[in-house]
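These notes are about the structure you will find just below.
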Amino acid sequence: MAQHKPAAGPSQEMQAFIEREQQLAQVQTMIATLTDVCWDKCISSPGSYLSSRESSCIENCAKRFIDATQYILQRAAHKAQDPSSGF
Amino acid sequence: MAFGSSGASTSGGFSTGAHEEHRVMEEVQTTLRMQYVQEFYQTVRDKCFKVCVTSPGGSLSGGEQKCLSRCMDRYQEATQVVTKAVVGMQGLE
């Protein structure tokens, strides 16, 4: 009965906090990357407002970047299973 | 290990660390938010400098300043467009 207390570690609340913040950081990083890439692709000179054309370019760009990410990951997984691929 | 006493004895007591933990969480959150804002504006500065100050003169001209303001606002808007697009896509999964 010597070890009565649970090992002192982060509380459940703290663990939930860390998880939440990690998820938020991940989403923020993704959004920052997408904006960075799509800004360069879609905006040549910033006007006094974002035109509908620029706006839809950014939207499409962001969505297709995510599609491309998934596509490449899938293909990479496929290649990883194929010993002749060299990976 | 099912002792009859196990439930009642400890469950009520707020550990003395809880207060400290809350303080740490708040501090971490503040730091993370500040870091995010800082990184955001660093990106804005890089992007907008590239677009607006194409041939740097002796001072930042009025035109360049206007361009920087516009660019800042547009970059923020672009971030919102991307955020909406991403959130919309995640909803589909």
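Values below: every heavy atom of this structure, side chains too, minus hydrogens, waters and symmetry copies. Sequence lines set the chain letters: A, B, ... in the order given, protein chains first and strands last, and positions in each chain run from 1.
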Worksheet item: Taking Gly47(A), Ala62(A), Ser45(A), Cys38(A) one by one, which has the highest count of heavy-atom pairs under 4.5 Å against chain B?
Response: Gly47(A)
Discussion item. At a heavy-atom distance under 4.5 Å, which candidate from Glu54(A), Met30(A), Glu59(A), Lys63(A) has the highest pair count against chain B?
Written reply: Lys63(A)
Worksheet entry | Region of Ile43(A) in contact with chain B, defined by heavy-atom distances below 4.5 Å | neither
Item to complete: Please state whether the side chain, the backbone, both or neither of Ser44(A) comes within less than 4.5 Å of a heavy atom of chain B.
Response: backbone
Could you grab the distance from atom [atom1] of [X] to atom [atom2] of [Y], nearest 0.5 Å is fine?
| X | Y | atom1 | atom2 | result |
| --- | --- | --- | --- | --- |
| Thr43(B) | Asp36(A) | OG1 | CG | 6.5 Å |
| Leu50(A) | Arg70(B) | CG | CZ | 13.0 Å |
| Gln80(B) | Ile31(A) | CD | CD1 | 10.5 Å |
| Met14(A) | Glu20(B) | CE | CD | 8.5 Å |

Take atom [atom1] of [X] as the centre, draw a 6.0 Å sphere, and report whether it contains more than 12 heavy atoms from other residues, nucleotides or ligands.
| X | atom1 | result |
| --- | --- | --- |
| Glu26(B) | CD | no |
| Gln12(A) | CD | no |
| Arg75(A) | CZ | no |

Worksheet item: Between Phe17(A) and Val28(B), is any pair of side-chain heavy atoms under 4.5 Å apart?
Response: yes
Discussion item. For a 4.5 angstrom cut-off between non-hydrogen side-chain atoms, does Glu21(A) reach Met25(B)?
Written reply: no
Item to complete: Kindly say whether Pro46(A) contributes a backbone atom to a donor-acceptor pair with the side chain of Arg74(B) at under 3.5 angstrom?
Response: no
Worksheet entry | Sidechain-backbone polar pair: Glu21(B) side chain, Ser11(A) backbone, donor-acceptor under 3.5 Å | yes
Worksheet, complete the sentence: Across all chains, not counting sequence neighbours, the side-chain contact (heavy atoms from CB on, under 4.5 Å) partners of Gln35(B) are Thr31(B), Leu32(B), Glu39(B)
Fill in: Cys57(A): side-chain contact (heavy atoms from CB on, under 4.5 Å) partners, not counting sequence neighbours
Cys42(A)
Worksheet entry | Residues Ile58(A), Glu77(B); criterion side-chain contact (heavy atoms from CB on, under 4.5 Å); working and verdict | CA-CA 10 Å; Ile58(A) 289 171; Glu77(B) 256 180 281; over 6 Å; no
Worksheet, complete the sentence: Whatever's closer than 4.5 Å to a heavy atom in chain A on Phe40(B) counts as neither
Is there a path of hydrophobic side-chain contacts, each under 4.5 Å between heavy atoms of I/L/V/M/F/W/Y residues, joining [Y] to [X]?
| X | Y | result |
| --- | --- | --- |
| Leu68(B) | Tyr41(B) | no |
| Val27(A) | Val82(B) | yes |
| Met34(B) | Leu24(A) | no |

Worksheet item: So which heavy atom on Trp39(A) is nearest to which on Lys47(B), and how close?
Response: CD1-CD, 3.6 Å
Item to complete: Name the member of Lys50(B), Lys66(B), Arg33(B) that forms the most heavy-atom pairs with chain A at distances under 4.5 Å.
Response: Arg33(B)
